[in-house]
Amino acid sequence: MSATSSSATTRVAFVTGGSRGIGRAAAVSLAEAGHRVAICFSSDKDGAEDTLTAIRAAGSEGLAVQADVADAESVDAAFKEIEAALGTVELLVNNAGITRDGLLMRMSDAQWGDVIQTNLTGAFHTIRRATPKMMKGRFGRIVNVSSVSGQTGQAGQANYSAAKAGLVGLTRAVARELASRGITANIVAPGPIVTAMTEGLPDDWRSWAEQTVPLGRLGTPEEVGGVIAFLCSDIAGYVTGALVPVDGGLGMGH
Ligand code: NAD
């Protein structure tokens, strides 16, 4: 099928961390595009069920799997379950992420290690597991969710900024390594988005964001999910190694 065909191929997508927030919005956007969508979640089973309901309401088929992306064996088990239920994963969205904020001098090894292991190594685990079959099918889309913090750095988030910057290098290495196999790999870098991750932050953070973001507001998960779904589409076939900010202009110039 040509990349410009109006009836794009429907495929199997896997969104990590799909029980809420940006992951849920990406899953729904992919379902709206006709794809069957598997999600994984760390502990929020009810949230994952709500995402499945939304996937079905969008007219598609879904699957929710409990998995820890930080653990390669858990990732392998999730893929086996998805492959048995839905088929080979051709669209992979590495969205699962955590924060363990703290000033550098007081940051524990656990705070550092947990964030690197989930946010960066987690993506390595899923990409390593997904790509042999993508290579066989000579098609794949990988979207890694970074952050504006990965480009600009963020005080109190040395671990998170390092992991998110690491994702950029990982994505571009994968983009170069697998381009000849029909696989693209791109980065979406959100700015401040209204999700559970940001709702616990103090009010002065929110007013700082509203004053600093050129568009004058926080973003919605759907605004990120739509860009992720675009990068997974057939028509995005000539985009690889790109970093697409969805940040209201916050990171302009980086
Ligand atoms: P969220 O906290 O609302 O959701 C995170 C999701 O990741 C949940 O579904 C959770 O179950 C899952 N998850 C966490 N650890 C996991 C693990 N070890 N294994 C499997 N799943 C795991 O977060 P969000 O705000 O929707 O953020 C999604 C992504 O976007 C994250 O990578 C985050 O760093 C990034 N991001 C968010 C913002 C923002 O302002 N919200 C900004 C920039 C980047």
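Order of listing sets the numbers, starting from 1, for every ligand and every atom in it. Start at 1 with the first residue, then count along the sequence.
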Requested in this report: Give a yes/no verdict on a cation-pi contact between R11 and F139, requiring under 6.0 Å between NZ or CZ and the six-membered ring centre and an angle within 45° of the axis.
Outcome: yes
**Report entry** For the student: nearest non-hydrogen atoms of C232 and L91, plus distance
**Finding:** O-CD2, 3.5 Å
Report task. Verify whether one side chain among N159 and Q111 offers a donor that lies under 3.5 Å from an acceptor in the other. Result -> no
Report task. Pick one of side chain, backbone, both or neither for how T198 approaches ligand 1, counting any non-hydrogen atom pair under 4.0 Å. Result -> side chain
Query raised in the report: Could an N or O of ligand 1 be found under 3.5 Å from any N or O of N119, whether backbone or side chain?
Result: no
Report summary line: Restricting to heavy atoms, the pick from V93, I193, V75, V65 nearest atom 40 (O) of ligand 1 would be I193
Query - Considering all heavy atoms, the nearest A96-G17 contact - result: CB-N, 3.9 Å
Report task. Just jot down the ligand 1 atoms closer than 4.0 angstrom to any heavy atom of T118, in number order. Result -> 15 (N), 18 (N)
Query raised in the report: Hey, which atoms in ligand 1 end up nearer than 4.0 Å to a heavy atom of G21?
Result: 26 (O)
Report task. Output yes when the distance from some N or O of ligand 1 to some N or O of A70 is under 3.5 Å, and no in every other case. Result -> no
Query - Any N/O pair S43/ligand 1 closer than 3.5 Å - result: no
Report summary line: In terms of heavy-atom contacts, G87 and V12 come closest through O-CG1, 3.9 Å
Query - Min heavy-atom dist P221 to ligand 1 below 4.0 Å - result: no
Query raised in the report: Which of the atoms of ligand 1 are close to G18, meaning less than 4.0 Å from one of its heavy atoms?
Result: 9 (O)
Requested in this report: Give the residue and atom name of whichever protein heavy atom lies nearest to atom 41 (N) of ligand 1, and the separation in Å to one decimal.
Outcome: T195 OG1, 3.0 Å
Query raised in the report: Does V15 belong to the same Ile/Leu/Val/Met/Phe/Trp/Tyr cluster as F230, with side-chain heavy atoms less than 4.5 Å apart forming each link?
Result: yes
Query raised in the report: Does V145 come within less than 4.0 Å of ligand 1, judged by its heavy atoms?
Result: yes
Query - atom 5 (C) of ligand 1 [closest protein heavy-atom partner, distance rounded to 0.1 Å] - result: G97 O, 3.9 Å
**Report entry** Contact atoms of ligand 1, heavy-atom distance to I98 under 4.0 Å
**Finding:** 14 (C), 15 (N)
**Report entry** Close approach of D68 to ligand 1, heavy atoms, under 4.0 angstrom
**Finding:** yes
Query raised in the report: Is the closest N or O pair between I22 and ligand 1 shorter than 3.5 Å?
Result: yes
Query - V224 to I193 - nearest heavy-atom pair and separation - result: CG2-CD1, 3.6 Å
Report summary line: Heavy atoms of D247 and M252 approach each other most closely as OD2-N, 4.4 Å
Query raised in the report: For N94 and T126, does a side-chain donor sit closer than 3.5 Å to a side-chain acceptor?
Result: yes
**Report entry** Residues R129 and E83 bridged, charged N to O under 4.0 Å
**Finding:** yes
Query - Geometric N/O contact G17 with ligand 1, under 3.5 angstrom - result: yes
Report task. Tell me which part of N95 gets within contact of ligand 1: side chain, backbone, both or neither, using heavy atoms under 4.0 Å. Result -> both
Query raised in the report: Which ligand 1 atoms, with their elements, are less than 4.0 angstrom from a heavy-atom of Y160?
Result: 33 (C), 34 (O), 35 (C), 36 (N), 43 (C), 44 (C)
Query raised in the report: Does a donor on one side chain and an acceptor on the other come within less than 3.5 Å for S60 and R36?
Result: no
Query raised in the report: With atoms numbered from 1 as shown, which atoms in ligand 1 lie under 4.0 angstrom from a non-hydrogen atom of A67?
Result: 19 (N), 20 (C)
Query raised in the report: Quick one: does K164 get within less than 4.0 Å of ligand 1, heavy atoms only?
Result: yes
Requested in this report: May I ask you to identify the nearest protein heavy atom to atom 3 (O) of ligand 1, giving residue, atom name and distance to one decimal place in Å?
Outcome: R20 NE, 3.0 Å
Requested in this report: Show which atoms of ligand 1 fall inside a sub-4.0 Å distance from at least one heavy-atom site of S19.
Outcome: 8 (C), 9 (O), 11 (O)
Query - Side-chain donor/acceptor of K164 to backbone N/O of V145, under 3.5 Å - result: yes
Report summary line: On a heavy-atom basis, the closest approach of F14 and I39 is CE1-C, 4.0 Å
Query raised in the report: Among S42, A96, G191, P192, which one has a heavy atom closest to atom 38 (C) of ligand 1?
Result: G191
Query - V239 with V143, same ILVMFWY side-chain cluster at under 4.5 Å - result: yes
Requested in this report: For atom 43 (C) of ligand 1, grab the closest protein heavy atom and report residue, atom and distance to one decimal in Å.
Outcome: P190 O, 3.3 Å
Query - Identity and separation of the nearest protein heavy atom to atom 19 (N) of ligand 1 - result: V69 N, 3.0 Å
Query raised in the report: Taking 4.0 angstrom as the limit, do E223 and R217 come out as a salt bridge?
Result: yes
